[in-house]
There are 2 protein chains.
Amino acid sequence: MRRPAKTSEKSPPAGRRPAKPRPARAPAAKPYHHGDLRRVLIDAAMQLVGEGGPDAVSVREAARRAGVSPGAPFRHFPSRDALMNAVAEEAQRRFRAEIEAALADAPSGDPLGRFRCLGIAYLRWAMKNPTHFEIISSRRFFDHDRSAGVSSDNAELIGLTERTLAEAFSAGQLGRRDLKQVQIAGRSLVYGFARMHIDGHLPRWGVAAAEAERMAADILDLFIAGIGAGVAPAAKA
Amino acid sequence: MRRPAKTSEKSPPAGRRPAKPRPARAPAAKPYHHGDLRRVLIDAAMQLVGEGGPDAVSVREAARRAGVSPGAPFRHFPSRDALMNAVAEEAQRRFRAEIEAALADAPSGDPLGRFRCLGIAYLRWAMKNPTHFEIISSRRFFDHDRSAGVSSDNAELIGLTERTLAEAFSAGQLGRRDLKQVQIAGRSLVYGFARMHIDGHLPRWGVAAAEAERMAADILDLFIAGIGAGVAPAAKA
DNA sequence: CAATTCGTGTAATCGGTGCTTACATTCACA
DNA sequence: TGTGAATGTAAGCACCGATTACACGAATTG
């Protein structure tokens, strides 16, 4: 067990059936079959993640919220991990959608500017959805080699980042620096800041919650200035 | 529950009593009182963390390995979290010791060089002890505001880093850059790389396990070159 | 030396969890 | 209309964290 703080709240005894399509034949009583239990379970789990983090997700609680017996979810997910996997897919999908939407507004002529925009969108989502971000980052909730959904969305984002920096490289914005090193450093910087935020490190480093977003932009600019400005043979456009 | 894969291995039925001081009166039979159960439990938990990560630690398994009943640990730790807290203290202590040992060999005249040395030692330990590193980083295993042990060791390391970069600033090695931004960026970079490693991101970014340590040094150098070279004051309008 | 006290371990138990099995119900299709 | 597959329920297993009552033994003290 791992979830002892539950305050023993029972789900309300009445009104457990959410709106859902019904054959229009039965009067109103709770039907035996749930409309789309799989979807409802994922939504419930997503909500649990948002409320108490990944560890707050239990199959039984998700079933409870769906108004269904404790064994029912196992018809749709072979294990709790499989449920978490589906949750991760959903979170990763939303994450990617927001990133790409933000990037759509970025000018296409300035790769480093696009990288900045990408980093800002990444950090903004991570700070606004810390628990969901943790799921798609911390490998213990799904197997990247087996989860096609999460993996492909994630690979797409990785590719996007790499391509953006590669364009900056081609455009001479990185001088003679090693492209791969810049990619890993950039990713480490952004990921590290996001993790510092969700792991609660920022206050101990003197960054108040209110300053976090500003600081995110500042360190991105610092990084871009560091790699963009030609220390040695670079050509700042 | 969270630990279903256990392969049902029983602890060996004999020889469960580790070496420990005894009153030299009783012959040899298992004494009722354990010599230093608290210490043994922490060691067992440390071992469990090393074997299967933080989630693999259960009070019962630690008790099993200590050859003691399932309720015994609660005489020494009021909860599983308290045990994890003690484990985190131990890990943090070792971490700090290794960092400071490495830093003792660094030249004192070159702050940025000391920062590099610090970063290398940090990443080396994190990559060699990923599961223990996770405990002291991921806030869910202890309360930083309440755990004096972890907190003070950690604050010491934060202070060390901040002081090192402040010296670099005073020595003019950072140009006119904002010190705090450099500190947060540096921390993000290092923490992010460590996290990428323990979260298994590096392979997906094209960094094989064998190259990881080299890459760690490379991105540190890249960062230091970016902030060290006096490329103008990185004018943030 | 004897008696008491207190720290420490044991045994039994509770509620929560993931997961499985046997059974019930309903839907979809022939 | 009938029948099989899908999907839900009920009951139960093992494991977990945590609590309680009790047993043991070592140290303290008269």
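Quick note on labels: first sequence line is chain A, next is B, and so on, each numbered from 1. Bear in mind the structure is a predicted one, so any value in this text is a computation, not a measurement.
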Round to a whole Å and report the spacing from [atom1] of [X] to [atom2] of [N].
X        : N      : atom1 : atom2 : result
A/Leu41  : D/dT7  : CG    : P     : 12 Å
A/Arg80  : C/dT20 : CZ    : P     : 15 Å
A/Arg75  : C/dT25 : CZ    : P     : 15 Å
B/Phe141 : D/dG17 : CZ    : C1'   : 16 Å
B/Met84  : D/dA18 : CE    : C1'   : 17 Å
A/Asp81  : C/dT17 : CG    : C1'   : 14 Å
B/Arg38  : C/dG7  : CZ    : P     : 16 Å
A/Asp36  : D/dG8  : CG    : C1'   : 14 Å

Using the test side-chain contact (heavy atoms from CB on, under 4.5 Å), find all partners of B/Ala97 that sit at least two apart in sequence or belong to another chain. none
Check ion pair A/Lys180-B/Glu211 (N to O, under 4.0 angstrom): yes
Salt-bridge present (B/Arg94, B/Glu90; N to O < 4.0 Å): yes
Given that A/Phe74 and B/Pro70 both sit by DNA chain C, which one's nearest nucleotide is further toward the 5' end? B/Pro70
Nearest-nucleotide wise, let me know which of B/Arg60 and B/Leu37 is further upstream toward the 5' end of DNA chain C. B/Leu37
Just N and O in the side chain of [X]: are any of them under 4.0 Å from OP1 or OP2 of [N]?
X       : N      : result
B/His76 : C/dG9  : yes
A/Ser69 : D/dA10 : no
A/Arg64 : C/dT17 : yes

Which nucleotide, D/dG8, D/dG17, C/dG18, lies nearest any side-chain atom of A/Val68? D/dG8
Tell me, please, which residues at least two apart from A/Trp125 pass ring pair (Phe, Tyr, Trp, His ring centres under 6.0 Å). A/Phe95
is_close_aromatic(B/Tyr122, B/Phe115), centroid dist under 6.0 Å: no
